[in-house]
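After the structure tokens below, expect a handful of questions from me.
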Amino acid sequence: MKIIDDVFEMYRNHLTGDEEDIFVIIYGILDGMKTSDLEKVFLELNEEEKFEMVALYLYEKLRLKMSEEGIGHIGNDDDQGTNILH
């Protein structure tokens, strides 16, 4: 994806691998874009990139919804005798 390649090259020497750095960069870029800019980026994607973008978006939104609703197993409690596999 061209935009990712461009952003990576621009920030290559500033990236630490920290997820928070990535969010700061992404939000900074998006903050400066208009809807028409985003549409142009989307239209330049090939079908696989469009699918991946939408799939990741939906995955993250569902993951957040599940977290908000308290669905899922979190923690290191003793799970002996449960159906949870490690």
Side-chain angles (χ1 to χ4, degrees):
M1 181 184 299
K2 182 174 177 3
I3 190 169
I4 297 300
D5 293 337
D6 292 346
V7 169
F8 181 79
E9 285 304 318
M10 189 181 318
Y11 293 99
R12 167 177 255 160
N13 296 322
H14 304 285
L15 296 171
T16 63
D18 186 355
E19 197 171 279
E20 289 181 22
D21 288 349
I22 296 168
F23 279 116
V24 169
I25 292 168
I26 291 171
Y27 279 97
I29 291 167
L30 292 176
D31 188 48
M33 295 180 97
K34 299 175 188 169
T35 301
S36 61
D37 298 327
L38 292 171
E39 288 172 346
K40 183 180 177 195
V41 168
F42 188 78
L43 291 173
E44 290 175 352
L45 300 176
N46 65 41
E47 293 303 312
E48 184 178 340
E49 290 169 328
K50 288 176 185 171
F51 179 86
E52 185 177 300
M53 177 186 281
V54 173
L56 287 172
Y57 172 79
L58 294 174
Y59 167 83
E60 185 63 16
K61 290 305 235 181
L62 183 56
R63 188 187 69 76
L64 288 171
K65 180 68 173 175
M66 290 171 58
S67 177
E68 290 169 1
E69 297 294 326
I71 298 173
H73 178 75
I74 300 173
N76 292 327
D77 297 336
D78 183 7
D79 56 9
Q80 296 296 322
T82 67
N83 291 331
I84 299 173
L85 301 176
H86 297 278

Looking only at heavy atoms, the pair that brings M33 and I29 closest together is CG-O, 3.2 Å
Any chain of hydrophobic side-chain contacts (each under 4.5 Å) joining L64 to I71? no
Contacts of T16 meeting side chain to side chain donor-acceptor pair (under 3.5 Å) (sequence neighbours excluded), chain-then-number -> D21
Here the gap from K2 atom NZ to D6 atom CG, rounded to the nearest 0.5 Å, amounts to 3.5 Å
- Which of parallel (below 30°), tilted (30 to 60°) and perpendicular (above 60°) describes Y11 and H14? perpendicular
Within-4.5 Å side-chain heavy-atom neighbours: K40 and E44 = yes
Test side chain to side chain contact (heavy atoms under 4.5 Å, CB included), reference V7, set L15, I22, I25, output is I25
Please output the side-chain donor-acceptor pairs of residues 47-60 that fall under 3.5 Å, not counting sequence neighbours, one pair per line with the distance.
residue	atom	partner	partner atom	Å
E49	OE1	N46	N	3.0
E49	OE2	M1	N	3.2
E60	OE1	R63	NE	3.1
E60	OE2	R63	NH2	2.5

Across all chains, not counting sequence neighbours, the side chain to side chain donor-acceptor pair (under 3.5 Å) partners of K34 are none
Here the gap from I3 atom CD1 to L38 atom CG, rounded to the nearest 0.5 Å, amounts to 8.0 Å
Report yes or no: do L30 and I4 belong to one cluster of Ile/Leu/Val/Met/Phe/Trp/Tyr joined by side chain heavy-atom distances under 4.5 Å?
yes
